[in-house]
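In what follows, a single structure is set out as structure tokens and then discussed.
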Amino acid sequence: MPLRLDIKRKLTARSDRVKCVDLHPTEPWMLASLYNGNVHIWNYETQTLAKNFEVCDVPVRAARFVTRKNWVLTGSDDMQVRVFNYNTLERTHSFEAHSDYVRSIVVHPVQPYILTSGDDMLIKLWNWEKSWSCQQVFEGHTHYVMQIVINPKDNNTFVSASLDRTLKVWQLGSSTPNFTLEGHEKGINCVDYYPGGDKPYLISGADDHTVKIWDYQNKTCVQTLEGHAANVSAACFHPGLPVMLTGSEDGTVRIWHSGTYRLESSLNYGLERVWTISSLKGSNNVAIGYDEGSIMLKVGREEPAVSMDVNGGKIIWAKHSELQMANLKKVDAPDSKGDTSSIKDGEILSVEVKDMGSCEIYPQSIAHNPNGRFVVVCGDGEYIIYTAMALRNKAFGSAQEFVWAQDSSEYAVREGTTTIKVFKNFKEKKSFRPEYGADGIFGGWLLGVKSLSGLALYDWESLDLIRRIEIQPRHVFWSENGELVCLATDDSYFILRFDSNAVTTARENNEFPADGVDEAFEVLGEVQESVKTGLWVGDCFIYTNNLNRINYYVGGEIVTISHLDRTMYLLGYVARDNRLYLGDKELNIVSYNLQLSVLEYQTAVMRSDFDTADRILPTVPSHYRTRVAHFLEKQGFRQQALAVSTDLEHKFELAVQLGNLEIAYELAKEACSVQKWRQLGELATAKGNLELTEECLREAQDFGGLLLLATSSGNAEMVEKLADSAVDNGKNNISFVCYMLLGKLEKCLNLLIETDRIPEAAFFARTYLPSQMSRVVGLWRESLLRVNEKASQSLADPKDYENLFPDLLESLKTEQYLKPERQKLFPATAYSSLPSLSERQPINEMKESEERGTFTFAFPSVSEFYKSLEETIEEDPPSAMSDKDEVVEETEILDDFAAKYPPSSWPSSTEASINFPEIKMYLAKYQNPREADAMTKIQEDLDETKIILHNTIEAVLQRGEKLDDLVSKSEGLSMQSKAFYKTARKTNTCCNLG
């Protein structure tokens, strides 16, 4: 049977003739050196040219990555080897390596060496740590040395291919070859080592159109491959598959089986002659260079041939045709307490590997049966069933695919696209031809057959069609009890529940439709995510996706176990160790902790078996409780989630959702978070717990909420506390409203003054506290004086200009009349019996009370009122400034007199002999108060300014312009001041808002 090869073209890059290609081991890069002297680096994932640089103007025949140093090495027809940094594209070094064209470069995998060969028939060893000095020269060929390759199994030996029709095997340290292989009739262009450990083989291609396989231990040719129609220019072994690839100037790439030497495939992409082929260990990528460009192919599956017996803790994998076993019990055996925590998640395990022997076929897939006693190996269109421990052959046959049933003794094979055979106890039981053919089969509780029409599921025993589903899955995963199944397509997966009772009922009632039982499956969920590998543990589906994450699905919730740094494949879950095992394509085994108790608990919840869940919960480690709580919450079990969760944030959210004030209150106190106090406050309000609401609002510093609560509940004491607290925290608007509600107008006024809202304070005083107008106007003047002196002088004080303030006396009387009322706080029950504030006329009420004799104003006029008010205020003597001025003036007179008549002449002088006429000027000045006292002069100037201003205002008023218009047009007042004035003007009285 032919080898099943999946060949996919990943990149086609058109360019000039490509003489050499190489693959980067970690980046998705393909290096191509061109005949025109350039070097290209292609990104085969993005299909773009990542880097491009010119080396020289002659052909570049050799190029290699040196990933240890971030280098690209090139060898060209100008005899030079050049070193470039592939990140910066800067040339870091160059030297003349040969006296003729440089044909080949190889990099030592460990040492700082490179080997070069050229048309001067020499091979040279260079050491880059010793300034690129030539360490050794290998002589022996009599023609061009076309290619050299280091032995992957022995890094001290290498082979060279020459146009002298020989292969020579060399050893580092010896300048002469170990031996020579001869057999080609014409010059040899290419050579490569077999990468596996089971065969000491070489492959070579020559101008005689043939490919030869050599045993370099016996020094013999073991096979000659014919079929190319022109010179064979490139040949290599695939590093992971049992194939060889050869390229020729006839434009074809031929793929040969490395075991049978059978031609498996021939590829021709129409890019003319093939010049070079390169592969990379650990990868299925193959790069090919042509006359007209280069191509990147993916040959074979990325997924390794490996299987795990979770019961016995053993892994079997294939390395080429060799089968090996790894025993996990010796790696992660738990200590005396059952703890395996010493193993780090994601750490590569050092496993003990046992060689089991060679397989007669090349393994492309390996699978244990459910009980782990047998293992099947598939490949080359055949299958072989071995005993898992000793690798003894139990059965074999032809098969394109092989699947196990849930019953370990039962399996099925697909021989082609038409026939499926079912076996039991290694004997054929039945065979059948699916109606729509068979493109693939799946094992498990039911036998799945994929075709163009979708997925057909058959009963293993009767082969009755249970259900046809119109999707074409890539994988089908069954749970252990057969109740759940995952159907994974290219871009999503479906979780279905299988109802075997519905099938039994339909069969008993003879109501088994030809297309299956519709009630047999129920769709539980669909997830838009690609599944690479998967398995079930209980009702939890664990899988890896195309984003290299390990997730598991349970009850509609997806939990991420870990993020992977490379592609990994699930092997199995060992319950006793609570560990999930994965492997990569290099067969490195890693594990991750996944608590079985968590999965069992979630499974019990999904089955609504809460008794079992309660028994399992104590075994769940504390640091997994929050994950379990999130799962419970998503399933709608918030009360249980609250009891399980250990995360304070999550517990608080659950307590709020459940309306549990006690738990939420304790958690809020512990967290000391403003946001939590606000959430709890909202909950307490909804629950009608006003005491808790007040505490929450205070802790959250929510003054607006406190104001709403205090006013709506009619709590005057709370309003007063809030006012004082708001002042301390700078919430002036809140405190102002509180004082207004309490009728404490003096505090309102002082708050406006303290916050430098002097104009608003003035209007407030005019409306509510006319007794404070004079004081506020004085403060307003002082404030304006720093900005505009004339504006300051234009402000009228009611103490001095009573005529400018109509009804001022009535306002003062009303303020005094309402003051006792402001100090009373009426209960909310009195609301209906009290008159509306908008309907009251305070001035009229005061006058009526005055007429009845129930109210008496102590002062007959405004001036006497303000005079009495001033007498109660302690001030500095107003004459202090005048006394100071007198002292200054007196000092000036004495200084002038002493300057004219020195004190030394005073004893001998008489009144007649002293002439000091300036004394008359000083006497005249002192007799005029305006001249003698600066304050008197300023006062007179102010009085004159006021008179002028008053006359101007009277003139304006005569023209019919109102004070309201002046306020609205004033640019010196803020919008708030204007609004405040209008409100005050409208009310024009005092009232109690408490």
### Message
With a 4.0 Å cut-off on N to O distance, would you call D164 and K168 a salt bridge?
### Response
no
### Single hit among I150, N151, L202 for side-chain contact (heavy atoms from CB on, under 4.5 Å) with V159
L202
### Message
Restricting to side chain to side chain donor-acceptor pair (under 3.5 Å), what partner residues turn up for Q324, sequence neighbours left out?
### Response
W317, D355
### Task
Could you list the residues that satisfy side chain to side chain contact (heavy atoms under 4.5 Å, CB included) with D345, not counting sequence neighbours?
R579, Y592, N593
#### Entry: Plane angle bin for F237 and Y194 - parallel if under 30°, tilted between 30 and 60°, otherwise perpendicular
perpendicular
### Set of residues satisfying salt bridge (Lys or Arg N to Asp or Glu O under 4.0 Å) with respect to D119, sequence neighbours excluded
R103
### Message
Just to verify, what does R165 make a salt bridge (Lys or Arg N to Asp or Glu O under 4.0 Å) with, not counting sequence neighbours?
### Response
none
### Task
Taking side chain to side chain contact (heavy atoms under 4.5 Å, CB included) as the test, write out the residues that go with N52, two or more places apart.
N38, H40, L49
### Message
Could you check whether H24 and Y86, counting side-chain N and O atoms only, form a donor-acceptor pair closer than 3.5 Å?
### Response
yes
### Query
Pairs in or reaching into residues 262-305: which pass ring pair (Phe, Tyr, Trp, His ring centres under 6.0 Å), with residues at least two apart or in two chains?
none
### Query
Does any donor atom in the side chain of D491 or S530 lie under 3.5 Å from an acceptor atom in the other side chain?
no
#### Entry: Residues D250, S248; criterion side chain to side chain donor-acceptor pair (under 3.5 Å); working and verdict
CA-CA 5 Å; D250 62 9; S248 168; 3.2 Å; yes
